[in-house]
Amino acid sequence: MDIIAGLNPQQIQAVTAPAGPTLVLAGPGSGKTRVLTQRVIYLISEGVSAYRILAVTFTNKAASQMRQRIESQMEGDTRGLNVGTFHAACARLLRSEADHFSQSREFVSRDFVIYDSADQRSLIKHAMDRHRIDTTRFKPVRIHSTISNAKNDLVSPAEFQRDSYYDEIVGQVYESYQQLLRANNAVDFDDLLMGAVEILQSDPQILKRYQDYYQRVLVDEFQDTNHAQYTLLQLLAGSHRQLFVVGDPDQSIYRWRGADYHNVRRFQQDYPEAKVVLMEQCYRSTQTILDVASAIIDQNRGRTAKNLFTERKGGNAVDLREAYNEEEEAGFVVETIATQVLQEQFLPGDCAIMYRTNAQSRVFEEAFIRAGIPYRLFGATRFYARREIKDMLAFLRLACNPRDGVSLERVLNVPPRGIGRKTMAALQDAAGPDESLCTVLLDLADDGTRSPHYDSIGTRPARPLVAFGKILSRWIQAVQEEQSMEEVLHLILKDTDYERYIQDGTGIGLDRWDNVQELLKVARDFGDTDLGAVLEQIALVSDVDSLGDDQDSSGAPCLMTLHSAKGLEFPLVFIVGLNDGVLPHRRSFDEPEEMAEERRLFYVGLTRAKEQIYLTYTFRRRNFGEDAMGLPSRFLDDIPDELMVGDVSGRPSRSLASGPSRQVTRRRSVDVVPASSVPVSLQFTTGQRVHHSNFGSGMVIDSKLVGSDEIVVVAFDGVGIKRLVAGTANLEVKAN
DNA sequence: CCGCGCCGCTTTTTT
DNA sequence: AGCGGCGCGG
């Protein structure tokens, strides 16, 4: 049968494993996605109905990839197949069970909203205010992360241990935070998981229904599960124990958000009868790359050693380079990419630059801009986190769930309509502790001066509140009439005169308005989908990259953090900033477990490469503005000399901070492109239509002189906004 | 109420 | 260095 065609013996074992728990330990590039999809197809061919299969992943990207692959290989009956992220699956469970559950307990109702991290932080601050806790002494983000960890460990506010003064504070905030979430009819990401577990644990009938429904459960990236997720899987698998999990402890890089690769070992203890399949054959990288990666990861203690191998014997040695500083490092990388592309060794889209922290991307962006080479930046300011988009979503969420106080607070005075601190306080007083602010607003809008709230608030402050209440009630009505997201958005934009507010005449204003237009486009794509469902999807996707995935095979080098590189592969990989303190990050120095994770992060980066790896570090490194001496990463010591070329002989022993060898590699040509001639005046003006050989047509939205270069910001049709150097980008002005 | 300027902090990030 | 938060002054 063709389900196993082209698979190696281990892959076949995994795909056709008999019923019962199965653990697949899959090395990088060993074809784990393929195994997962073939397993699903195999199960269906064995007579399991598609809708009785649940496959969970961590990211939407992985989920849609898997779904696509399955659908492309199967004719028909994949309908009802459940492929999705943990959070999406839990949100679905919560929504379908919320109603008859909320009657017996205090719980959210089915139209709950999902708060993103900014909303969550705002609510944490409110909770801290309640207890008069100084938000400068105790940082809300830190408190939130402690609470988040507790939730991931399924520890409720009542169970939260308060052994120290700090924990006492957190315990109080946790308690209030949960109350506030419920009052707003909102959940945070962690609540989705914890809530699902709570429901299943407290109602045997519901649990049985789900256990009977999902006959098979498959899990991707199992090493990244946290305690809540593990418990959820255990509950779902129940007595049938049909769990098929795939993972690689060596690629566990999300400890800081609760992931615990020990769940792999725990799985073997909890399911001793589990069939274990080890997949060690790699189809991605050359043997040299695998050897380097293995040399790195072998240094970690207490792991099950894997023996990765490939039929792609040999391969180029890893190329190590020292640069003087970050600028030179970026210059080297961009220059190397340009050369390799010119020599037709690689396509621009084959190349990826990976770094430890997002802050490192800027120098590389600038180098690309100078060289006039387009690039793709992963994980930049997320589209849905932008101010104007958050405003729009807050309006929409309010229209769906008027109890959403965080959204109301956000946009009550946006655009400014004369509602300040005092008016806000008056409104809060009028509402009292039990009524939501929105109820008061709508009441004011309906009854005007006759409303009992009117007098308590006072005539002057009431006026803008009445006005806002009126437009808000119009939106609520529009949602109840099941108007589409696009229609409601248009209504909101008109009622708030948002364009005039956001378009302040600057380029930034134009950017923002563009983003609003982009959101309208998203809305249009969703068509008549129920607005609540759209908002949930947006809350759980929240990454424009995974939305616009189809068009991103465009050939440009990618810039990304090592974290976001996971799951991807590139022929040519640059891992940059290999300085001690950067990778490994200084925050991991005194924690062995953290240090081990930094090592895994490096390992993940190395194993993304198919053909060639460049590693770079710098002689000097700017820290927080301060210029300082840099040390090469300690990880470099673990790479055998014979697997490396480049500045290897000059590789200084890390114990010697300086030495004569350092001088040798200093100073290479930085300029990738000859400095452009000084423009007498700006060549381009805002509003001009232009054409670029790579990006096509677009409109100039900003242009300014930076040093001797004119930097033009162009919104390319269907491509997006790019910053270009006028002198090197070869922009043609089009007649309009 | 809004805008400006100073102070302080600084990993990773998906859901 | 650069951003965000907060406090003061208009």
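Letters go in sequence order (proteins before strands), and every chain restarts at 1. This structure is a prediction, so every number in the text was calculated from the model and none was measured.
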Protein N or O to nucleotides 4-7 of chain C N or O, pairs below 3.5 Å:
from: C/dG5; atom 1: OP1; to: A/R121; atom 2: NH2; distance (Å): 2.8

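In terms of phosphate contacts, A/N413 brings a side-chain nitrogen or oxygen within less than 4.0 Å of OP1 or OP2 of B/dC2. Taking 4.0 angstrom as the limit, A/R586 places none of its side-chain polar atoms (N or O) nearer than this to OP1 or OP2 of B/dT10. The side chain of A/K151 places no N or O atom within less than 4.0 Å of a non-bridging phosphate oxygen (OP1 or OP2) of B/dT15. Distances shorter than 4.0 Å separate none of the side-chain N or O atoms of A/N358 from OP1 or OP2 on B/dT11.
Residue A/P416 is the one, among A/E594 and A/P416, whose nearest nucleotide of DNA chain B lies closer to the 5' end (criterion: closest heavy atom). Projected onto DNA chain B by closest heavy-atom contact, A/I419 and A/R587 fall at different nucleotides, the more 5' of which corresponds to A/I419.
Rounding to whole angstrom units, CD of residue A/E326 and P of C/dA1 are separated by 14 Å. Atom CE in A/M560 sits about 16 Å away from atom P in B/dT12, given to the nearest Å. One interatomic measurement links the two molecules: CG of A/N149 to P of B/dT13, which rounds to 17 Å at whole-angstrom precision. With rounding to whole Å, A/E597 atom CD is found 13 Å from B/dT13 atom P. Look at CG on A/L193: it is 16 Å from P on B/dT14, rounded to the nearest Å. If you take CD of A/Q223 and P of B/dT14, they are 16 Å apart, rounded to a whole angstrom. Atoms CD1 (A/I253) and P (B/dT11) sit 17 Å apart, rounded to a whole Å. For the pair A/R137 CZ and B/dC9 P, the computed distance is 14 Å after rounding to whole Å.
You'll find the ring centres of A/Y174 and A/Y177 outside the 6.0 Å limit.
Nearest to the side chain of A/T59, among B/dT10, C/dG2, B/dT14, sits B/dT14. Considering only side-chain atoms of A/T357, the nucleotide from B/dT12, B/dT15, B/dT13 that sits closest is B/dT12. The side chain of A/R257 sits closest to B/dT14 out of C/dG2, B/dT14, B/dT11. Side-chain proximity of A/N60 to B/dT13, B/dT15, C/dG2: nearest is B/dT15.
The ring pair (Phe, Tyr, Trp, His ring centres under 6.0 Å) test with A/H563 is passed by exactly one of A/F602, A/W256, A/Y355: A/W256.
By the salt bridge (charged side-chain N to carboxylate O under 4.0 Å, His left out) test, A/R586 is found to be paired with no residue, residues two or more places apart in sequence or in another chain being considered. For the side chain to side chain contact (heavy atoms under 4.5 Å, CB included) test, residues two or more places apart in sequence or in another chain that qualify with A/D153 are A/V155, A/H227.
Put simply, A/H585 rests on the base of B/dT11: the two rings are less than 5.5 Å apart at their centres and nearly parallel, under 30°. Between the side-chain ring of A/F189 and the base of B/dT14, no stacking contact exists by the 5.5 Å and 30° definition.
No side-chain donor from either of A/Y603 and A/Q251 sits under 3.5 Å from a side-chain acceptor of the other.
Aromatic ring orientation, A/F222 versus A/Y230: tilted (interplanar angle from 30° to 60°).
A side-chain donor-acceptor contact under 3.5 Å links A/N413 to the backbone of A/G418. Of the possible donor and acceptor atoms, none in the side chain of A/N579 sits under 3.5 Å from a partner among the backbone N and O of A/V582.
Among the atoms of the strands shown, none is found under 4.0 Å from any heavy atom of A/R255.
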